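A short write-up of the structure that comes next.
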Amino acid sequence: MLRGLLTTPSKSACGLLDIESLDRAEIEAILERARYFQPAPGETYRRLETLRGKMIVNLFFEASTRTRVSFEIAERRLGADTVSIAAQTSSVSKGESLVDTLNTLVAMRPDAIVMRHSASGAPHFLARHLQIPIINAGDGTHEHPTQALLDARTILDRGKSLEGLRVAIIGDIAHSRVARSNVHLLSRFGADIVLCGPPSLVPRELENLAPGVRLAYDMKEALRNADVIMMLRVQLERQHEAPMSAGEYFRFYGLRLEHLALAKSDVIVMHPGPINRGRELSSDVADSQRSVILNQVENGVAVRMAVLERILP
Ligand code: NCD
């Protein structure tokens, strides 16, 4: 039970907690602004002064490489000051509770907190109690809103439209906040979404997640005519039952070059990372012309700049 936050409950400051509560116009505005921040080919991100004087705390209670670095770069490119804390190196490892850690940080008056936490709903809880904007950088198995936004930006960059887009999301859907955020975003635009993976990782109730979603347990069926293939990592850290071996998983749900022929000829292959070659996809797919995995990483900075600019007054 989380109790005793320093500030009294009040109308929460506007941050970004999930995609589910965003409407289409808000999503479009962020994606459009992210396009403005994208550097020209061969150039780097411009350094702006938009958030000069703002202090942003990045609080990561779970492992992260790309999301954390991407937020830090976005914050600095906008001229903000940043402090990043990993739970392993903070007083959390000395037994301090989440509430005490947050009270301590809030007492130092940051302007926003970017937070990743293993508990679904942790950033929502914070947002209800703190008067500063909270950006969700991934909460348990719930949502990862900036990932879905950067994925959408990457799809649009390839000249595809989100309306009527056929997307196959393949892997450990049950534990994936990336899948959930993507489903909410893509369904806002009328995409046709197939969720595919082993039955233990794609429970039936996921069909009700949003309009336009169907389930498939056969990978070939899911890939047919796909415009976008989104592969997901098997989240071993969130699975309680004995997992399939990497080899067995790869045999049934690993993406290989020959699979791409089932999809549209201009299909793109996405993965939020970190990728496990030989489990979720083969190396030749990961490194192929169809793969946009590094474009996703690149777009993370532009999208996070757009989100930060929007939430910080
Ligand atoms: C994802 C995450 O942490 O939810 N990674 C990321 O942020 N790019 C996906 C994963 O860990 O598999």
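What you see is a predicted model; the values in this text were computed from it and never measured. Each ligand, and each atom within it, is numbered from 1 in the order the structure gives.
Under the 4.5 Å side-chain heavy-atom criterion for ILVMFWY residues, no single connected hydrophobic cluster contains both L232 and L294.
For the pair R166 and D227, the salt-bridge criterion is not met [side-chain N within less than 4.0 Å of a carboxylate O]. Note on E163 versus R24: salt bridge recorded, some NZ/NE/NH1/NH2 to OD/OE distance being below 4.0 Å. Checked for salt-bridge contact, R35 and D157 miss the test: no charged N lies under 4.0 Å from a carboxylate O. Classification of D287 and R277 as a salt-bridged pair holds, one side-chain N sitting under 4.0 Å from a carboxylate O. A salt bridge between R33 and E309 is present, with a side-chain N of the basic residue lying under 4.0 Å from a carboxylate O of the acidic one.
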Show the distances, to 0.1 Å, for all pairs joining an N/O atom of ligand 1 and a protein N/O atom that are shorter than 3.5 Å, listing one pair per line.
from	atom 1	to	atom 2	distance (Å)
ligand 1	3 (O)	R116	NH1	3.3
ligand 1	3 (O)	R116	NH2	3.2
ligand 1	3 (O)	R177	NH2	2.9
ligand 1	4 (O)	R177	NE	2.7
ligand 1	4 (O)	R177	NH2	3.4
ligand 1	5 (N)	G273	O	2.9
ligand 1	7 (O)	T67	OG1	2.9
ligand 1	7 (O)	R116	NH2	2.9
ligand 1	7 (O)	H144	NE2	2.7
ligand 1	8 (N)	Q147	OE1	3.3
ligand 1	8 (N)	P272	O	2.9
ligand 1	8 (N)	G273	O	3.4
ligand 1	11 (O)	R233	NE	3.3
ligand 1	11 (O)	R233	NH2	3.0
ligand 1	12 (O)	R233	NE	2.7
ligand 1	12 (O)	R233	NH2	3.4
ligand 1	12 (O)	Q235	NE2	2.9

